[in-house]
Undergrad: 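There's a structure below that I have some questions on.
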Amino acid sequence: MYDNLNEKQKEAVCHTEGPLLILAGAGSGKTRVLTHRAAYLIEEKGVNPYHIMAITFTNKAAGEMRERIDSLVDYGAESIWVSTFHAACARILRRYIDRIGFETNFTIYDADDQKQLMKDVCKRLEIDTKIHKERYFLNAISHAKDELIDVAAYYQNAGADYHQQQIARVYDEYQKMLQKNNALDFDDLLMKTVELFQKDREVLEGYQERLRYLMVDEYQDTNTAQFAFIRMLASKYENLCVVGDDDQSIYKFRGANIRNILNFEQYFPNAAVIKLEQNYRSTQNILDAANSVIANNLGRKEKALWTENARGNKIFFRQFAEAYEEAEYVARDIKEKVRNGQYGYRDCAVLYRTNAQSRLFEERFITSDIPYKIVGGVNFYARKEIKDLLAYLKTIDNARDDLAVQRIINIPKRGIGATTIARVQDYANMQGMSFYNALRNAQEIPAVGRAAAKIESFVTFIRAMRTKAELIPLSDLLKELIEQTGYVAALEAEGTDEARARIENIEELQSKVAAYEMDEEQPTLSGFLEEVALVADVDSLDENSDYVVLMTLHSAKGLEFPQVYLAGMEDGLFPSYLSITSDQAEEEIEEERRLAYVGITRAMQNLSITCAKQRMVRGEAQYNRVSRFVKEIPPALMSQSASEPVKMREQKVQAFWRAKEAFHAKPFAGSYQPVSDTVFDFGAAGGAADISGTSGADVEAQRGKLGYGTGDRVVHQKFGEGVVTKIAAGGRDYEVTVQFDTAGVRKMFAVFAKLKRI
DNA sequence: TTAAGTTAAGTTTTT
DNA sequence: CTTAACTTAA
């Protein structure tokens, strides 16, 4: 089993005791080393797999590692703890966070939630967000957390600097709000775990005792907090094996501390260092290109990547006149390679610097009938419909999450508007209670008045769902939720392409819930929400399906493809304009260069580098030169060809839209109501009556107030005569639906409609 | 109270 | 070019 490892790899596998730094160049088989090392520990050293932990960067990498260990080891692989930093911390905190002032059913806030909360914070502190946006403060806070700087330390560091003090105050308030909502943001997961370890020796020692053998993948991208986490865990047994490549460090902007790898031997003076320099992935040409690019960076750990692989094809390079021609070329090239059987779609990847670049390729791939998958961009779980449903689940799970409650209190429309919410919030602040608890006392809030009844039915609904959550499986709960709120029904009624896409997403969510229930021995609502909060888009990549993958260079790290297209290699795009013009341009360009290195080394057999003289950025034409990184590749390694003549653009654009329409216009199951001027009315569908319906007594009250009721014939001064089909209470007014003789079905508010019974 | 309509602002990269 | 934030009509 260990015979197909080279000498260095073997050495790394067998070095099991004490700190070990493996400097693993791109494609040098580091995953193979890690998996074999785990197998070796279990099979040869008799280590209980329960004592082994492997930390990876993405869930996908974690899954892959577990699978590969599983195929090497007879049994026990499933007891190894393979996880990402964030997932590991979340799991630890779920057990012990009550020791540092949170409840164990805390929710995890994503970027959207953070921004929402920060908006609140700024309002409270009367900070003008026109000067500094929410993101500005969030970035400052995030960086502080990466460096384990807490609020007190931030105040201290600020000294007399007014601006820093202001950030400290924002940080302070932000943390208080999080605590009040029993919520953590991504960075808190790390920081709170470290805090827990510091404050509670018992917990730390428990984990130290359990996790005697630690392995960390992609070590070059760890930040200070992550390093503190590992160091604390490892400090007892010191069996810490880290694998990394300083040349592939590309997350400085996220706090990655390159010193963690450069100074590893100083932190652990008895550390062994092993270099893996033989590359098994790429052709000689590709490797030479990568090496000559990265050679332009200073301050690297010295290493020379080599391969026994054949020289291979030259690297293709071409500059196009316009960005759409670049996309067209890539599409055509992929088609051709697939047609002559050279590659499948799954063998091809298009890599670019920014997510915005994906659009042109997407358009082109649709017209060319190329199956593709875009990784990144808007996260599945960040979509409105998904967030809405998740907010319901969160509300059911953790009523202290004010953000979640406020998100869905008026979805579907319950006539609880901004004004009412603000009044309840005021009351909650005054009483020092959570928003949801204030809702439960709605009758006692004088300012709320009539809306109290609606709030009450909302609370009753949540309470009922909460009871059900204990009794029925998660998938049934979600189904119930969708039916009771009429969420999908309302989308069906909309009948637009967009609504159909949303329904598909909801179905996708339902299958994710089902999959979670299948995988997990003890599925819980909290568990599902946590899993959902911590998935990255790359995690969903599936090697078994045949599609071209499009993604940013950052997402591509750790992956490999036979055919790689590096697109948009232009100065100003890659390296980015921001890095070129930065105060620390040299440093930032070095990071971009490492990114280029990552990109080049993803390619196994063929690499195509493309760029365009002109492209549209934010609706404006931008003219870029060929990227400096391309010029760092020796010309002898490249083949160039002249640009193709410019073709008629108009035709192509039109063809794209036709194709896109055809692509999305699938038949749609469900009732389609051609209702014009539709008010988004969930009440019309499903069992929503118990939350927004009208009782029999109300009907009489309506008839009295309005002078007409359902079934009556009425006249409208513009629409003429018609029959009232429905009257729904909404806000302080009634929403009346009328089937007009000539003007079709209309919905309108009674005060404006001025209908008269005839 | 809602939704359509208008205007302003903004883009690296992500667990 | 898209998305969020505001205005206004019903």
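Side chains are part of it too, since the values below use all heavy atoms of this structure and drop only hydrogens, waters and symmetry mates.
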Undergrad: For a quick test of reading the model: is some side-chain N or O of A/Thr552 closer than 4.0 Å to OP1 or OP2 of B/dT12?
TA: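 No, because none of the side-chain N or O atoms of A/Thr552 sits under 4.0 Å from OP1 or OP2 of B/dT12.
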
Undergrad: Separation of A/His143 atom NE2 from B/dT13 atom P, in whole Å?
TA: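 After rounding, the reported distance stands at 15 Å.
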
Undergrad: Let me check I have this right: for DNA chain C, each base becomes ., (, ), [, ] or |, based on Watson-Crick or G-U pairs with both distances under 3.5 Å. What is the full string?
TA: ||||||||||

Undergrad: Going by 5.5 Å between centroids and 30° between planes, is there a stack of A/Phe253 over B/dT13?
TA: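 Yes, A/Phe253 stacks on the base of B/dT13, since the ring centres sit under 5.5 Å apart and the planes are within 30°.
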
Undergrad: Within this structure, what is the CD1-to-C1' distance between A/Ile421 and B/dT2, rounded to whole angstrom?
TA: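 Those two atoms, CD1 and C1', are 14 Å apart.
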
Undergrad: Looking only at atom P, what distance separates C/dA4 and B/dT13, rounded to whole Å?
TA: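 C/dA4 and B/dT13 have their P atoms separated by 15 Å.
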
Undergrad: Output the rounded distance in Å from CD1 (A/Ile250) to P (B/dT14).
TA: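 Value for this atom pair: 9 Å.
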
Undergrad: Is the phosphate of B/dT15, meaning OP1 or OP2, less than 4.0 Å from a side-chain N or O of A/Asn59?
TA: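 The answer is no; no side-chain N or O of A/Asn59 sits under 4.0 Å from OP1 or OP2.
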
Undergrad: Please determine, for the side chain of A/Thr84, which listed nucleotide (B/dT15, B/dT12, B/dT1) has the closest atom?
TA: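 Within the option list, the nearest is B/dT15.
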
Undergrad: Could you report the tightest heavy-atom contact between A/Ser83 and A/Ala88, atom names first, then the distance?
TA: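 In terms of heavy atoms, the two residues are closest at OG-N, 3.1 Å.
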
Undergrad: For A/Arg135, is the CZ atom crowded, meaning more than 12 foreign heavy atoms sit under 6.0 Å from it?
TA: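 Yes.
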
Undergrad: Just checking, any donor-acceptor pair under 3.5 angstrom between side chains of A/Glu570 and A/Ser627?
TA: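 Their side chains do not contain a donor-acceptor pair, so the 3.5 Å distance test is not met.
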
Undergrad: Which nucleotide sits closest to the side chain of A/Lys115: C/dA5, B/dT12, B/dT13?
TA: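 Within the option list, the nearest is C/dA5.
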
Undergrad: Please give, in whole Å, the distance from B/dT12 C1' to A/Leu573 CG?
TA: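 Atom CG in A/Leu573 sits about 10 Å away from atom C1' in B/dT12.
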
Undergrad: For A/Ala26 and A/Asp245, work out which heavy atoms get closest and say how close.
TA: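 Here A/Ala26 and A/Asp245 meet closest at N-OD2, 3.6 Å.
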
Undergrad: Scan A/Tyr251 against the nucleic acid and name what it touches under 4.0 Å (heavy atoms): base, sugar-phosphate only, or nothing.
TA: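 Sugar-phosphate: the residue A/Tyr251, judged by heavy atoms under 4.0 Å, touches backbone atoms but no base.
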
Undergrad: Which atoms form the tightest heavy-atom contact between A/Thr224 and A/Asn260, and what is the distance?
TA: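 Result for this residue pair: N-ND2, 4.4 Å.
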
Undergrad: Between the side chains of A/Lys512 and A/Glu531, is the shortest nitrogen-to-carboxylate-oxygen separation below 4.0 Å, so that they form an ion pair?
TA: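 No salt bridge links A/Glu531 with A/Lys512.
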
Undergrad: To the nearest Å, how far apart are A/Arg359 CZ and C/dC1 C1'?
TA: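 It works out to 7 Å between those atoms.
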
Undergrad: Give me the distance, rounded to whole Å, that separates C/dA5 from B/dT12 when you measure between the C1' atoms they each carry.
TA: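 It works out to 24 Å between them.
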
Undergrad: What does A/Asn410 touch in the nucleic acid at a heavy-atom separation under 4.0 angstrom: a base, only the sugar-phosphate, or nothing?
TA: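 Result for A/Asn410 = sugar-phosphate.
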
Undergrad: Quick check: are there more than 12 heavy atoms from other residues, nucleotides or ligands sitting under 6.0 Å from OH of A/Tyr577?
TA: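 It does not: A/Tyr577 OH has 12 such atoms or fewer within range.
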
Undergrad: Nearest to the side chain of A/Lys119 - B/dT13, C/dA5, B/dT15?
TA: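 Among B/dT13, C/dA5, B/dT15, the one nearest the side chain of A/Lys119 is C/dA5.
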
Undergrad: Could you please name the option among B/dT12, B/dT14, B/dT1 that lies closest to any side-chain atom of A/Thr420?
TA: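 That would be B/dT1.
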
Undergrad: Quick check on B/dT15: is either OP1 or OP2 less than 4.0 Å from any side-chain nitrogen or oxygen of A/Thr58?
TA: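 Answer is no, no contact under 4.0 Å.
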
Undergrad: I want to confirm an ordering. Mapping A/Glu588 and A/Ala87 to their closest nucleotides on DNA chain B, which one lands closer to the 5' end?
TA: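 Its nucleotide being nearer the 5' end, the pick is A/Glu588.
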
Undergrad: Ignoring hydrogens, what is the shortest heavy-atom contact between A/Ser358 and A/Leu550? Give both atom names and the distance.
TA: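 Taking A/Ser358 first and A/Leu550 second, the nearest heavy atoms are O-CD2, 4.4 Å.
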
Undergrad: Write down the distance between CZ (A/Phe57) and P (B/dT14), rounded to a whole number of angstrom.
TA: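 These atoms are roughly 10 Å apart.
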
Undergrad: When you measure from the side chain of A/Lys133, which nucleotide among B/dT15, B/dG10, C/dA4 comes out closest?
TA: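 Among the listed nucleotides, the one closest to the side chain of A/Lys133 is B/dG10.
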
Undergrad: Given atom CD of A/Gln622 and atom P of B/dG10, what is their separation to the nearest angstrom?
TA: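 Roughly 18 Å, once rounded to whole Å.
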
Undergrad: What is the separation between atom CZ on A/Arg135 and atom P on B/dT12, rounded to the nearest whole Å?
TA: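 Roughly 11 Å, once rounded to whole Å.
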
